[in-house]
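Working notes for the structure below.
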Amino acid sequence: VQLQASGGGLVQAGGSLRLSCAASGDTFTAYAVGWFRQAPGKEREFVAAITRFTGTTDYADSVKGRFTISRDNAKKMVYLQMNSLKPEDTAVYYCAAAPWLTRLLDKYDYWGQGTQVTVSS
């Protein structure tokens, strides 16, 4: 499966953005999908993930209650709705696919290119 992330941009603190992850290939529904982010000088970190069919989700504590992950299997899309954005959310955001719901970066087999999110104070 190939993934392409989009939707990043510059937003003021308190604002919202919706990231999209478009998948190609016939095996999209074989994978859970996660979002990760990497700020300058920091390691890539887990943000959110969603299972293949049941819609079970998992969120990092830092984004819980502010971010919502969803997927549309018919459209082969995964979304990350980000509300109440903070300057510390500034990072490059990546979507990735794994065989099951996990926070472990090394379990994700396929990665999209990143999309930059910048939150100004």
Side-chain angles (χ1 to χ4, degrees):
V1 61
Q2 293 182 320
L3 305 171
Q4 183 169 357
S6 62
L10 174 64
V11 63
Q12 289 188 330
S16 299
L17 281 175
R18 188 177 82 155
L19 304 184
S20 298
C21 178
S24 61
D26 296 332
T27 59
F28 175 66
T29 54
Y31 295 94
V33 176
W35 285 96
F36 291 78
R37 67 187 181 186
Q38 188 166 19
K42 294 188 176 181
E43 294 186 351
R44 195 170 297 189
E45 65 176 4
F46 171 79
V47 175
I50 189 167
T51 52
R52 296 178 296 165
F53 295 111
T54 63
T56 300
T57 57
D58 186 25
Y59 296 95
D61 287 345
S62 59
V63 306
K64 197 172 294 183
R66 300 188 298 122
F67 290 11
T68 303
I69 187 171
S70 61
R71 71 187 286 167
D72 184 333
N73 285 338
K75 296 182 178 179
K76 297 183 182 179
M77 296 290 295
V78 175
Y79 306 99
L80 185 68
Q81 178 66 44
M82 305 186 296
N83 299 329
S84 303
L85 282 162
K86 305 175 181 180
E88 51 263 44
D89 294 318
T90 295
V92 177
Y93 284 71
Y94 300 87
C95 59
W100 56 81
L101 188 70
T102 178
R103 297 185 175 198
L104 300 178
L105 189 149
D106 62 356
K107 301 302 182 185
Y108 284 80
D109 299 319
Y110 302 96
W111 291 82
Q113 90 293 355
T115 185
Q116 176 71 48
V117 172
T118 303
V119 184
S120 62
S121 57

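No hydrogens, no waters, no symmetry mates; every other heavy atom, side chains included, goes into these values. Count residues from 1 along the sequence. Only a predicted model underlies this, so the values are computations on that prediction, with no experimental measurement involved.
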| field | Same apolar cluster: V11 and V92, side chain cutoff 4.5 Å | value | no
| request: Check salt bridge (Lys or Arg N to Asp or Glu O under 4.0 Å) between R103 and all other residues, then give those that pass, not counting sequence neighbours. | output: D58
| task | Measure across T68 and Y59 and return the closest heavy-atom pair with its distance rounded to 0.1 Å. | result | CA-OH, 3.3 Å
| Chi angles and distances behind the side chain to side chain contact (heavy atoms under 4.5 Å, CB included) call for K75, S20 | CA-CA 11 Å; K75 296 182 178 179; S20 298; over 6 Å; no
| remark: In terms of heavy-atom contacts, N73 and T29 come closest through CG-CG2, 3.7 Å
| According to a 4.5 Å side-chain heavy-atom criterion applied to Ile, Leu, Val, Met, Phe, Trp and Tyr, with indirect links allowed, do Y31 and L3 form part of one hydrophobic cluster? | yes
| query | How does the hydrophobic cluster around M77 look, that is, which other residues are in it when side-chain heavy atoms under 4.5 Å mark a link? | reply | Y79
| said: I'd like to know whether CD of Q4 has more than 12 heavy-atom contacts from other residues, nucleotides or ligands below 6.0 angstrom. | reply: no
| said: Using every non-hydrogen atom in the two residues, find where A23 and V1 come nearest and quote the distance to one decimal. | reply: CB-CG2, 3.9 Å
| request: Give a yes or no on whether Y94 and L19 share a hydrophobic cluster (residues Ile, Leu, Val, Met, Phe, Trp, Tyr; joining criterion: side-chain heavy atoms under 4.5 Å apart). | output: no
| field | More than 12 heavy atoms of other groups within 6.0 Å of D106 CG | value | yes
| message | Checking R18 now: which residues fulfil salt bridge (Lys or Arg N to Asp or Glu O under 4.0 Å) with it, not counting sequence neighbours? | response | none
| request: Considering non-hydrogen atoms only, spot the tightest contact between L80 and W35 and give its length. | output: CB-NE1, 3.5 Å
| field | Pair K76-S24, side chain to side chain contact (heavy atoms under 4.5 Å, CB included): steps then yes or no | value | CA-CA 7 Å; K76 297 183 182 179; S24 61; over 6 Å; no
| Under a 4.0 Å N-O cut-off, is there an ion pair linking K86 with D89? | no
| When hydrophobic residues are tied together by side-chain contacts of less than 4.5 Å, even through go-betweens, does M82 share a cluster with F36? | no
| task | Working to the nearest 0.5 Å, report the span between CD of Q81 and CG of L17. | result | 8.5 Å
Contacts table for residues 111-121: side-chain donor-acceptor under 3.5 angstrom, sequence neighbours left out:
unit_1, atom_1, unit_2, atom_2, d
W111, NE1, Y108, O, 3.3
Q113, OE1, A5, N, 3.4
Q113, NE2, A5, O, 2.7
T115, OG1, G8, N, 3.0
Q116, NE2, A91, O, 3.4
Q116, NE2, T118, OG1, 3.3

| message | If the condition is salt bridge (Lys or Arg N to Asp or Glu O under 4.0 Å), which residues does D72 pass it with, not counting sequence neighbours? | response | none
| request: Applying side chain to side chain contact (heavy atoms under 4.5 Å, CB included), run through R37 and V63 and close with a yes or a no. | output: CA-CA 12 Å; R37 67 187 181 186; V63 306; 3.9 Å; yes
| What is the distance from atom OG1 of T57 to atom CZ of R71, rounded to the nearest 0.5 Å? | 12.0 Å
| request: May I ask you to test the F67-L85 pair for a side-chain heavy-atom distance under 4.5 Å? | output: yes
| query | Which residues satisfy the salt bridge (Lys or Arg N to Asp or Glu O under 4.0 Å) test with K107, sequence neighbours excluded? | reply | none
| task | Could you give me the CA-CA distance, side-chain angles and deciding distance for V78 and F28, then say whether side chain to side chain contact (heavy atoms under 4.5 Å, CB included) is met? | result | CA-CA 10 Å; V78 175; F28 175 66; 3.7 Å; yes
